[in-house]
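Keep in mind that what you see is a predicted model, and the values were worked out from it rather than measured.
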Amino acid sequence: MKCSLFHLPTFFPEFHSSVAGFYQEMLEETERADALGFHCVWFAEHHFFNYGGHIPSVPVIGAAAAQRTKRIRIGSGIALLPLQDPIRVAEEYAMLDCLSGGRLEFGIGRGFQKAEYDAFERDMADSRTLFEEAHDIILKAWSNERFSHNGKFRNIRDLQVLPKPMQRLPPIYVACIFTPESFEWTGRMGHNLMVVPYAVANPQTLRDNFRIFRDARATHGSNAEPEILAVYHFYCGETAEKAKNEPREAMLRYLGAAAGSNREPAYSQQYQAYEHLQQGFKAMMDYEGTLYPDRVIFGDPEQCVER
């Protein structure tokens with residue numbers, strides 16, 4: 001098992017002195033994680049809300065982290081491919097890989113927030129096609145000196161994209177939460193998996209989707225053991241009682257911000273499982289009835305190891 005740091009930072013003006021100071025705190029935490037031997041630091045791309053919206057560009061903060069660290073890998077958790085120009089994504093993340101000395105972990109996904117799709121004038125009904133086409137363009141840009149592409153949204157002719165990543169191909173992770181088709185596609189492509197277990201009410205659903213993912217990998221010739229990255233909220237306290245109570249207020253404040261950024265449900269058939277996402281966030285605000293201890297890793301050292 002590898003341990004990493006995950007930044008989906010939620011800005012609260014009453015607790016954070018300034019946005020500039022907010023970034024410095026994240027970078028200081030990242031430096032500390034590097035010194036302590038953490039495997040990777042992941043930065044989540046979001047827009048427009050205090051829930052995550054202060055990292056609209058992972059390559060910008062990733063480049064700052066690269067210059068302040070030596071060993072820790074730097075990941076996008078995730079790059080929202082349907083919202084961006086895939087050529088720009090290929091350029092900027094290849095540049096980040098070069099600046100970091102080949103430390104990029106490339107996490108990608110479709111995203112789920114209606115406000116982000118609306119602001120970037122993307123139709124959520126097109127999200128899967130946009131995502132898969134962007135994925136194909138980025139891999140072509142990184143793997144070929146020049147390439148062409150004829151797709152639904154982009155037509156590219158004999159283009160050279162610079163720079164190329166320092167790694168032959170950075171490790172690719174795909175964020176999947178609810179949708180079996182996403183787990184199947186990720187396995188079929190031979191990529192690694194990124195999941196958020198606390199968002200899934202029934203653990204059996206996650207187990208079933210893992211099986212879909214592994215079966216697809218095997219069917220399409222990927223025999224190597226994949227990396228499965230799970231994002232957990234973690235708090236290690238001096239005693240079990242402190243670990244239960246000390247993070248309570250911050251956790252509930254975070255969940256409230258997450259619910260606030262999803263006031264309108266995702267639309268289209270591709271997001272049926274997300275229809276009640278806001279209610280799910282609110283349900284988890286029943287701290288002891290829903291969230292603690294089964295969906296988080298909060299505890300004293302022995303409890304954290306066990307969980």
Side-chain angles (χ1 to χ4, degrees), residues 1-2 4 6 39-40 42 44-45 73 75-84 86 89-90 93 104-112 122 124-144 147 149-154 165 167-232 266 268-275 277 280:
M1 185 173 68
K2 302 171 185 176
S4 297
F6 186 88
H39 172 66
C40 186
W42 298 86
E45 176 196 340
R73 296 186 66 79
S76 54
I78 54 176
L80 297 173
L81 296 193
L83 306 184
Q84 303 187 61
V89 173
Y93 279 94
L104 174 65
E105 305 272 298
F106 189 51
I108 56 177
R110 292 188 294 146
F112 59 88
R122 301 292 198 273
M124 293 190 92
D126 294 327
S127 69
R128 189 171 298 282
T129 304
L130 282 162
F131 170 79
E132 293 181 6
E133 185 169 314
H135 162 274
D136 293 348
I137 290 171
I138 293 164
L139 264 61
K140 288 177 181 178
W142 286 350
S143 303
N144 299 280
F147 77 100
H149 176 88
N150 294 313
K152 179 177 179 181
F153 296 100
R154 292 299 302 270
Q167 301 175 89
R168 188 185 67 81
L169 189 66
I172 296 174
Y173 291 75
V174 181
C176 304
I177 300 179
F178 302 117
T179 312
E181 291 83 356
S182 297
F183 286 87
E184 191 280 332
W185 182 89
T186 302
R188 178 160 33 101
M189 293 295 107
H191 296 326
N192 301 304
L193 189 63
M194 182 185 296
V195 296
V196 185
Y198 90 96
V200 182
N202 183 357
Q204 186 59 46
T205 301
L206 198 56
R207 285 194 285 268
D208 291 343
N209 284 330
F210 280 173
R211 189 173 302 112
I212 291 169
F213 165 70
R214 290 184 179 278
D215 288 349
R217 282 181 64 91
T219 299
H220 292 86
S222 296
N223 298 316
E225 182 66 16
E227 294 278 350
I228 298 180
L229 184 155
V231 179
Y232 287 95
S268 93
Q269 290 296 106
Q270 296 183 26
Y271 287 90
Q272 284 182 311
Y274 292 77
E275 184 177 357
L277 186 64

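Leu229 has its side chain out of reach of Asn192: every pair of non-hydrogen atoms, C-beta onward, lies at least 4.5 Å apart. Side-chain contact between Leu206 and Pro197 is present, with heavy atoms from C-beta onward closer than 4.5 Å. At least one side-chain heavy atom of Leu193 sits less than 4.5 Å from a side-chain heavy atom of Cys176. Taking 4.5 Å as the limit, every side-chain heavy atom of Ser222 sits out of range of all side-chain heavy atoms of Met189.
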Starting from the C-alpha separation in whole Å, work towards a yes-or-no answer on side chain to side chain contact (heavy atoms under 4.5 Å, CB included) for Val174 and Phe131. CA-CA 11 Å; Val174 181; Phe131 170 79; 4.1 Å; yes
Under the side chain to side chain contact (heavy atoms under 4.5 Å, CB included) rule, what do Ile212 and Asp208 come out as? Steps first, then yes or no, please. CA-CA 6 Å; Ile212 291 169; Asp208 291 343; 5.5 Å; no
Please step through side chain to side chain contact (heavy atoms under 4.5 Å, CB included) for the pair Ser182 and Arg128, ending with a clear verdict. CA-CA 9 Å; Ser182 297; Arg128 189 171 298 282; 3.3 Å; yes
Under the side chain to side chain contact (heavy atoms under 4.5 Å, CB included) rule, what do Val195 and Val200 come out as? Steps first, then yes or no, please. CA-CA 9 Å; Val195 296; Val200 182; over 6 Å; no
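Rounded to the nearest 0.5 angstrom, Arg211 CZ and Phe183 CZ are separated by 12.5 Å. Taken to the nearest 0.5 Å, the CD1 atom of Ile172 stands 5.5 Å off from the CD1 atom of Ile108. Between atom CG of residue Asn223 and atom CZ of residue Arg217 there is a gap of 8.5 Å, rounded to the nearest 0.5 Å. Considering OG of Ser127 and CG of Leu83, their distance stands at 9.5 Å, rounded to 0.5 Å. Note that the CZ atom of Phe106 and the CH2 atom of Trp142 stand 4.0 Å from one another [nearest 0.5 Å]. The distance from the CG atom of Leu80 to the CZ atom of Arg122 is 11.5 Å, given to the nearest 0.5 Å.
Here the closest heavy-atom approach between residue Gly75 and residue Cys40 is recorded as N-SG, 3.7 Å. Shortest non-hydrogen contact noted between Arg73 and Leu104 is NH2-O, 3.1 Å. Heavy atoms only, all atoms of each residue included: His149 and Arg154 are closest at CD2-O, 3.3 Å. The two residues Glu105 and Pro171 make their nearest non-hydrogen contact at OE2-CG, 3.3 Å. Shown here for Gly109 and Ile78, the closest heavy-atom pair between the two residues is CA-CD1, 3.3 Å. Considering every non-hydrogen atom in both Val231 and Tyr198, the closest pair reads O-CD2, 4.5 Å.
Side-chain contact annotation: Arg188 with Thr219, donor-acceptor N/O pair under 3.5 Å absent.
No more than 12 heavy atoms of other residues, nucleotides or ligands shown are found within 6.0 angstrom of OH on Tyr232.
With sequence neighbours left out, the salt bridge (charged side-chain N to carboxylate O under 4.0 Å, His left out) criterion links Glu45 to no other residue.
Under 4.0 Å is where a charged nitrogen must lie from a carboxylate oxygen, and between Arg110 and Glu132 no such pair does.
A donor-acceptor pair under 3.5 Å links the side-chain atoms of Ser76 to the main chain of Gly107, judged by distance alone.
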